[in-house]
Engineer: 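This structure is in structure tokens; I'll ask about it shortly.
Just so we're clear, the structure is a prediction, and the values are computed from it rather than from any experiment. Only this structure's heavy atoms are used, side chains among them; waters, hydrogens and symmetry mates stay out.
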Amino acid sequence: MGKTTGGGSGKRVALVLGGGGMKGFAHIGVLRALDERGIKPSVYAGTSIGALIAAAAVGRMPVEEMARRAESLRRRDLFRINHFGMLLERMRSPAIYMEEPLRDLCRSIVPPQRFSDLGAPLLVNTVDITRGTQLVWGMPGLRDVWVQDAVYASCALPGFFPPGEVGTRLCVDGGVIDNLPVGPASLNADVVIAVDVGSSDLLPTNDIVTQGFASIYMRAATTMMHALQQYPLIRWDGPPMLLIRPKLGQDWLSFSNAAASIDEGYRKASLALQDFDAVLEQPGGVFPRRRVSIDVDRDKCIGCGLCVALAPAVMGMDQSGKAFARSPTADWSTADGEFVHHCPTCAIDIQKIERLTPSSSNPAQRGPSEADAA
């Protein structure tokens, strides 16, 4: 993957930028934080808007230029309903929105080169919609195609934009299978910096039906992507990972929050990077970490057992049919704790106790939590 190092450490750093619609502008703030600390990734990887911004970084677009473009982008620049196609083709229309505005955006930001000609390794995550398989452009044997074509396809959320041809393959948004491609990016890397902007704020919402088709579809897609993404994170056995999850709200399609998203990406990355040197020395695990307390409200618990099914090492059922925590405390990263979110009565309470440094935490002592480790 190359030998460019991170911050003079001599270590190979893989930067992975996840998909998340307009919330992905937070990636620009993360790049700003990395630049300030002299951390230069040896490989960039991304899905959807993460692929778009990763490609811009590989093309050496300055962070301030990225920010300017993000803050000036408007809905009409990207989302134009395909009235003609939907009128003539109806259910056979490939997408709601026209292809060309997204193509134009990719052309204006992504280097007009093949992967093999880029100055730094870039991985663009897509799904081959014909075969139903993940396809990561930029990996060995998959470099003789145009980067702009791959990035368009990675941004082509099914139903919203038509699939895109990359070489001889017909591809769509890689988030269909893997919204945060940490696995492919970790090959030959010493440390992974992963930025999740797409699924960290699955908060309850009461008016989803009144928001229309697009919002319902995006809510379902976010739920699906979150579930798919959790699997490799909670079972991570690769190099140490610094997982950054900015707090960005739930609207994937809002163009009015670009500046705030960039600032939040910068804030969260700056906090997480405080322990970066220590993370580099770890054999594995996901960081930052928090020590948390786990408590079950017995009055709320209905004894469904879902928490035990999802996290048997952490939760159990007592003789009265109520859930309990096997240990009152645990050391968790932001990748842990999915079972807490799934409790149907919100009976499980998680409280932060202290922030752990990499040297004081044990990645092997893992339970699940959505605690904000940064």
Side-chain angles (χ1 to χ4, degrees), residues 178-180 182-183 194 196 198-209 216 219-238 240-243 245 247 250 282-374:
D178 187 357
N179 201 41
L180 192 69
V182 290
D196 170 25
S199 61
S200 59
D201 288 307
L202 274 174
L203 301 175
T205 179
N206 297 320
D207 58 349
I208 188 67
V209 173
I216 295 173
R219 179 71 175 181
T222 301
T223 303
M224 175 194 70
M225 291 176 185
H226 180 75
L228 290 172
Q229 184 174 294
Q230 282 298 108
Y231 185 87
L233 292 178
I234 64 177
R235 292 164 178 79
W236 183 250
D237 60 358
M241 180 193 302
L242 191 67
L243 179 60
R245 277 180 160 166
K247 296 292 183 181
Q250 302 184 69
Q282 301 304 305
V286 180
F287 303 91
R289 307 185 74 78
R290 282 275 191 183
R291 180 160 292 130
V292 299
S293 64
I294 313 167
D295 184 61
V296 178
D297 186 329
R298 293 178 59 83
D299 292 334
K300 289 184 178 180
C301 179
I302 58 176
C304 70
L306 184 60
C307 60
V308 181
L310 295 175
V314 181
M315 304 299 293
M317 300 294 290
D318 63 21
Q319 293 182 348
S320 63
K322 298 287 187 176
F324 70 93
R326 298 187 182 278
S327 172
T329 64
D331 296 347
W332 284 347
S333 79
T334 53
D336 303 318
E338 187 65 8
F339 74 92
V340 176
H341 171 70
H342 284 287
C343 177
T345 58
C346 301
I348 306 171
D349 181 58
I350 303 299
Q351 296 292 330
K352 307 169 194 174
I353 299 175
E354 62 178 318
R355 184 176 183 273
L356 302 174
T357 64
S359 59
S360 67
S361 61
N362 179 10
Q365 185 184 350
R366 303 193 58 168
S369 170
E370 286 301 314
D372 178 5

Engineer: Mind checking the CE-CD spacing from M241 to Q282? Nearest 0.5 Å is all I need.
Structural biologist: 14.0 Å
Engineer: Would you give the length of the straight line joining atom CD1 of I348 to atom CG of D295, rounded to the nearest 0.5 angstrom?
Structural biologist: 10.0 Å
Engineer: Tell me the closest heavy-atom pair linking G285 and W236, and the distance in Å.
Structural biologist: O-CD1, 4.0 Å
Engineer: Let me confirm one number: the CD1-CZ distance from I294 to F339, rounded to the nearest 0.5 Å.
Structural biologist: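 If we round to the nearest 0.5 Å, I294:CD1 and F339:CZ are 5.5 Å apart.
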Engineer: Tell me the closest heavy-atom pair linking A323 and V296, and the distance in Å.
Structural biologist: O-CG1, 3.5 Å
Engineer: Measure across A335 and I234 and return the closest heavy-atom pair with its distance rounded to 0.1 Å.
Structural biologist: O-CG2, 3.1 Å
Engineer: Could you work out, with side-chain contact (heavy atoms from CB on, under 4.5 Å) as the rule, every residue matching S293, not counting sequence neighbours?
Structural biologist: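 Residues passing side-chain contact (heavy atoms from CB on, under 4.5 Å) with S293: Q351, I353.
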Engineer: Donor-acceptor pairs under 3.5 angstrom involving side-chain atoms of residues 304-319: please list them, not counting sequence neighbours.
Structural biologist:
from : atom 1 : to   : atom 2 : distance (Å)
D318 : OD1    : S320 : N      : 3.0
D318 : OD1    : S320 : OG     : 2.8
D318 : OD1    : G321 : N      : 3.1
D318 : OD1    : K322 : N      : 2.9
D318 : OD2    : R298 : NH1    : 2.6
D318 : OD2    : S320 : OG     : 3.4

Engineer: How far apart are the closest heavy atoms of A347 and C343, and which atoms are they?
Structural biologist: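 Taking A347 first and C343 second, the nearest heavy atoms are N-SG, 3.2 Å.
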Engineer: Check L233 against V286 and note the closest heavy-atom contact, atom names and distance.
Structural biologist: O-CG2, 4.0 Å
Engineer: So which heavy atom on V292 is nearest to which on K352, and how close?
Structural biologist: CG1-CA, 4.3 Å
Engineer: Return the CG to OG1 distance between L243 and T334, rounded to the nearest 0.5 Å.
Structural biologist: 3.5 Å
